[in-house]
Amino acid sequence: MSLLPAPDEVKKRVQDNVIWKSIFRPGSIYRKGYRDTSRDRALASMNNVLYHLHPVKVKRHGLKLTYTYCLGGSSFFLFILLTITGIFLMFFYRPTAGAGGQELAYLDMQNLRDTVTFGDLVRNMHRWSAHLMVFTTFLHMARVFYHGAYKAPREFNWVVGVILLVLTLLLSFTGYLLPWDQLAQWAVAVGTQMAGFTPVLGQQVQFVLLGGAEIGPETLLRWYVLHVLAFPFILTIFLAVHFWRIRKDGGISGPL
Amino acid sequence: MADEVEIDQKVYDELIAQGKSERIARARAKAATVKAQKVAAGETIGPRAQSAEAPAAAPAAAAKAAAPAAAAGGGGGVATAERAGGGVRGAGGLTVEERQARVAAALAQRGNGASTRTGGGAALANQDHTHRLLAMVPPTGIQQIRGKQEDKVYTWPHLIASEFIAVLAWTAFVVIFSALVQAPLRELANPNLTPNPSKAPWYFLALQELLRYFHPMVAGVTIPTVGLLLGMALPYFDKNPSNKPENRKTAYVAFTFFLVLSAVLTIIGSFYRGPGFEFVWPWTDGLYFEL
Ligand code: HEM
């Protein structure tokens with residue numbers, strides 16, 4: 001006879017205790033098991049944190065690839081991928097330029113590329129995902145337009161969407177400065193010069209953006225904080241509103 | 001603010017006499033006033049309009065149900081059971097007996113068609129705990145519920161499975177692309193050395209292209225700001241309720257125009273502008289584009 005309890009007995013002991021039951025809700029498939037019935041399919045959604053995002057049932061036509069082209073979801077996933085790769089990059093990057101003759105930001109970029117394990121790959125992933133996210137968000141907007149998906153009751157979600165687009169652009173643009181190479185410096189210079197032409201407040205707007213009269217170490221620190229903290233935070237809030245409204249407005253629009 | 005509703009004094013006094021709290025009596029008396037006004041205006045109230053014929057349609061069932069009504073009302077945990085005592089007409093205007101009879105009749109009617117149970121609805125109505133009244137909801141709720149049945153599928157597994165595949169596909173694509181294509185890293189930033197050309201990131205190149213034709217304030221501030229505000233307001237001035245392409249020709253043409261315009265400007269700015277942001281042919285002069 002084996003000294004070990006039978007697998008069923010182990011399973012029962014693991015699941016039949018206070019801690020397990022406190023983690024998984026009464027209807028959870030991790031407590032009751034799962035059989036492929038309508039009831040268990042519904043329970044699987046309802047007793048899952050994803051219930052915050054998805055209802056138990058969704059319109060059949062919304063699942064077709066040619067309805068959403070998965071563009072909103074792809075933008076969202078790219079944002080998640082950017083967050084994960086971005087956290088990795090933060091371990092190796094210091095937003096310091098020209099302080100005491102040390103160009104830490106640029107040095108750290110070179111280190112990421114040359115010495116950090118997977119540093120080069122992760123930086124590439126972060127960079128390419130960022131461009132992709134801007135692109136998929138644009139396409140998502142076009143898809144929403146061509147489906148008339150912004151019409152009542154979804155008007156406000158379109159407005160939220162435009163704000164998301166602006167935030168996506170701002171995230172991408174603030175990130176563009178961080179490598180602190182010639183490309184970064186001058187792309188940002190071109191972009192921010194235009195802000196200087198804001199009527200009446202032009203000089204002030206530019207000063208606030210750059211943290212000075214021209215691009216320098218203060219700009220780098222300022223844009224770094226915006227890029228890794230402020231804009232992701234704001235974007236996340238608007239994303240929550242966006243997703244919440246999709247459900248409240250009756251799920252995906254259509255069919256056409 | 002809405003006008004203060006007058007209190008139906010008679011109902012109020014009656015309720016107070018029954019020992020109801022002042023707050024409840026006031027609320028019910030107001031409800032009675034509103035109801036009286038609506039009846040006077042000829043409006044139908046609540047679901048009664050449909051069920052009004054029910055007792056006539058099934059008088060036998062109604063009679064049967066009337067007898068045990070008091071007992072059921074007492075023990076069933078019905079939120080309105082408190083009215084059973086005096087048989088007083090509350091704001092609803094029905095005695096408990098009448099209400100029970102109607103429920104029984106309605107159930108009987110339904111039972112005739114669908115139920116296989118012998119005895120039909122009347123038997124059902126006699127059982128304890130067949131249903132419980134938890135709340136009264138006005139016929140037009142706070143949110144519009146569309147009763148229409150839609151063609152739906154379960155989120156799990158259908159939607160979750162597609163999402164999972166999409167996540168895998170994107171991850172694979174990004175990892176492979178990043179392993180193959182190196183992101184640029186140029187020389188250290190140098191404020192004194194302006195590269196030629198200096199280009200903004202690609203998503204701003206349409207604006208940089210406009211800079212060639214308009215004053216910087218127009219290209220850099222006015223056009224983007226106005227464009228953004230108009231974009232946000234779009235759903236509010238497109239009053240056409242249809243989402244069918246054939247009904248939206250104007251909208252399609254207008255949006256496609258702006259889409260193509262910005263795409264063309266972006267492409268020109270990206271590939272057809274070289275040193276000094278002058279025109280170049282990418283196939284002869286080379287590519288002046290970096291991501
Ligand atoms: C960070 C950027 C964004 C993310 C992550 C995002 C995410 C999503 C997701 C996941 C959906 C569900 C349906 C689908 O995938 O197409 C959706 C729907 C929607 N989005 Fe976005 N979105 C973003 C930006 C935008 C923009 C720029 C607009 C428009 C200006 C917009 C307007 C809408 C509208 C109106 C819907 C409802 C569409 C329908 O019911 O068919 N969103 N969004």
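Side chains are part of it too, since the values below use all heavy atoms of this structure and drop only hydrogens, waters and symmetry mates. Every chain is numbered from 1, with letters handed out A, B, ... down the list of sequences.
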How far does CE of M217(B) sit from CE of M194(A), to the nearest 0.5 angstrom? 14.0 Å
Which region of W128(A), side chain (C-beta onward) or backbone (N, CA, C, O), has a non-hydrogen atom less than 4.5 Å from a non-hydrogen atom of chain B, or is it both or neither? side chain
Could you tell me if the side chain of Y150(A) sits less than 4.5 Å from the side chain of Y236(B), heavy atoms only? no
Applying side chain to side chain contact (heavy atoms under 4.5 Å, CB included), run through Y34(A) and W156(B) and close with a yes or a no. CA-CA 12 Å; Y34(A) 179 79; W156(B) 167 263; 2.9 Å; yes
So for S253(A), is it side chain, backbone, both, or neither that comes closer than 4.5 Å to the heavy atoms of chain B? neither
Could you look at L50(A) and say if it's the side chain, the backbone, both or neither that has a heavy atom under 4.5 Å from chain B? side chain
Decide side chain to side chain contact (heavy atoms under 4.5 Å, CB included) for L188(B) and Q182(A); before the verdict, give the C-alpha distance in whole Å, the side-chain angles of both, and the deciding distance to 0.1 Å. CA-CA 6 Å; L188(B) 176 67; Q182(A) 277 291 71; over 6 Å; no
Write down the atom of L256(A), the atom of K244(B), and the distance for their closest heavy-atom approach. C-NZ, 3.3 Å
Please evaluate residues V181(B) and N124(A) with respect to the criterion side chain to side chain contact (heavy atoms under 4.5 Å, CB included), reporting the C-alpha separation (whole Å), side-chain torsions for both, the decisive distance (0.1 Å), and the verdict. CA-CA 8 Å; V181(B) 186; N124(A) 287 350; over 6 Å; no
Atom pair NZ/OG of K64(A) and S162(B) - distance to nearest 0.5 Å: 13.0 Å
Chain B interface, residue from Y146(A), F77(A), W158(A) that has the most non-hydrogen pairs under 4.5 Å: Y146(A)
Roughly how far, to the nearest 0.5 Å, is CZ of R60(A) from CG of L159(B)? 13.0 Å
Which one, G73(A), P199(A), A149(A), leads in non-hydrogen pairs under 4.5 Å with chain B? P199(A)
Locate the shortest heavy-atom distance separating N243(B) from G254(A); write the atom from each residue and the value. ND2-CA, 4.0 Å
Heavy-atom closest contact (L291(B) atom, R127(A) atom, distance): O-NH2, 2.8 Å
So for T168(A), is it side chain, backbone, both, or neither that comes closer than 4.5 Å to the heavy atoms of chain B? neither
Identify which part of L132(A) has an atom lying under 4.5 Å from any heavy atom of chain B, answering side chain, backbone, both or neither. side chain
Go through the steps to decide whether K59(A) and D151(B) satisfy the test salt bridge (Lys or Arg N to Asp or Glu O under 4.0 Å), and finish with yes or no. CA-CA 6 Å; K59(A) 294 181 198 163; D151(B) 188 14; over 6 Å; no
Contacting region of P153(A) [heavy-atom separation from chain B under 4.5 Å]: neither
Segment of A189(A) engaging chain B (4.5 angstrom heavy-atom cut-off): neither
Using 30° and 60° as the class boundaries, would you call the ring planes of Y252(B) and F145(A) parallel, tilted or perpendicular? tilted
Is the count of non-hydrogen atoms from other residues, nucleotides or ligands lying under 6.0 Å from W281(B) atom CH2 greater than 12? no
Output, in order, the C-alpha distance, side-chain angles, deciding distance and verdict of side chain to side chain contact (heavy atoms under 4.5 Å, CB included) for I163(A) and M232(B). CA-CA 8 Å; I163(A) 294 170; M232(B) 283 199 195; 3.8 Å; yes
In terms of heavy-atom proximity below 4.5 Å to chain B, should L78(A) be classed as side chain, backbone, both, or neither? side chain
Between A44(A) and chain B, with a heavy-atom cut-off of 4.5 Å, which part of the residue counts as in contact: side chain, backbone, both or neither? side chain
Which atoms of R113(A) approach chain B - backbone, side chain, both or neither, heavy atom under 4.5 Å: side chain
Any donor-acceptor N/O pair, T155(B) side chain to V56(A) backbone, under 3.5 Å: yes
The reported gap from CD in E187(B) to CD in Q185(A) (rounded to nearest 0.5 angstrom) is 12.0 Å
Contact part of Q110(A) toward chain B, heavy-atom cut-off under 4.5 Å: side chain, backbone, both or neither? both
What part of K199(B) lies closer than 4.5 angstrom to a heavy atom of chain A: side chain, backbone, both or neither? backbone
Parallel, tilted or perpendicular for Y203(B) and F173(A), by the 30°/60° rule? perpendicular
Give, as side chain, backbone, both or neither, the part of P224(B) having an atom under 4.5 angstrom from any heavy atom of chain A. neither
If you define the side chain from C-beta out and look only at heavy atoms, does anything of H61(A) sit under 4.5 Å from K152(B)? no
Part of A169(B) within contact of chain A (heavy atom distance under 4.5 Å): neither
Tell me which of these, A189(B), S198(B), A233(B), has more heavy-atom pairs under 4.5 Å with chain A than the rest. A189(B)
Which portion of T222(B) sits near chain A, non-hydrogen atoms under 4.5 angstrom: neither
Tell me, for T194(B) versus chain A, whether the close heavy atoms (under 4.5 Å) come from the side chain, the backbone, both or neither. both
Between R123(A), R154(A), M109(A), which has the largest tally of heavy atom pairs under 4.5 Å with chain B? R123(A)
Between S38(A), G216(A), G62(A), A152(A), which residue shows the highest count of heavy-atom pairs closer than 4.5 Å to chain B? S38(A)
Non-hydrogen atoms of chain A under 4.5 Å away: do they reach the side chain of Y154(B), the backbone, both or neither? both
Nearest heavy atoms of L259(B) and A142(A), plus distance in Å: CD2-CB, 4.2 Å
Neighbour count above 12 (heavy atom, 6.0 Å) for F238(A) CZ: no
Among V58(A), V190(A), V159(A), L81(A), single out the residue with the greatest number of heavy-atom pairs under 4.5 Å to chain B. V58(A)
Could you look at V166(A) and say if it's the side chain, the backbone, both or neither that has a heavy atom under 4.5 Å from chain B? side chain
Any chance you could measure F177(B), atom CZ, to H131(A), atom NE2, to the nearest 0.5 Å? 9.5 Å
Give, as side chain, backbone, both or neither, the part of D120(A) having an atom under 4.5 angstrom from any heavy atom of chain B. side chain
S178(B) OG to F118(A) CZ distance, which is reported to the nearest 0.5 Å: 13.0 Å
Give me the ring orientation class for W202(B) and F135(A): parallel if the planes are under 30° apart, tilted from 30 to 60°, perpendicular past 60°. perpendicular
Side chain from CB out, backbone as N, CA, C, O: work out which of these in I160(B) comes under 4.5 Å of a heavy atom of chain A, or both, or neither. side chain
Whatever's closer than 4.5 Å to a heavy atom in chain B on R41(A) counts as both
With chain B, the option among D40(A), D181(A), V188(A) that has the most non-hydrogen atom pairs under 4.5 Å is D181(A)
Region of L185(B) that comes under 4.5 Å of a non-hydrogen atom in chain A: both
Do you know which two heavy atoms are closest between P191(B) and W186(A), and how far apart they sit? O-CZ2, 3.4 Å
Side chain, backbone, both or neither: which part of Q182(B) has an atom under 4.5 Å from a heavy atom of chain A? both
So, the part of A166(B) with a heavy atom under 4.5 Å from chain A: the answer is side chain
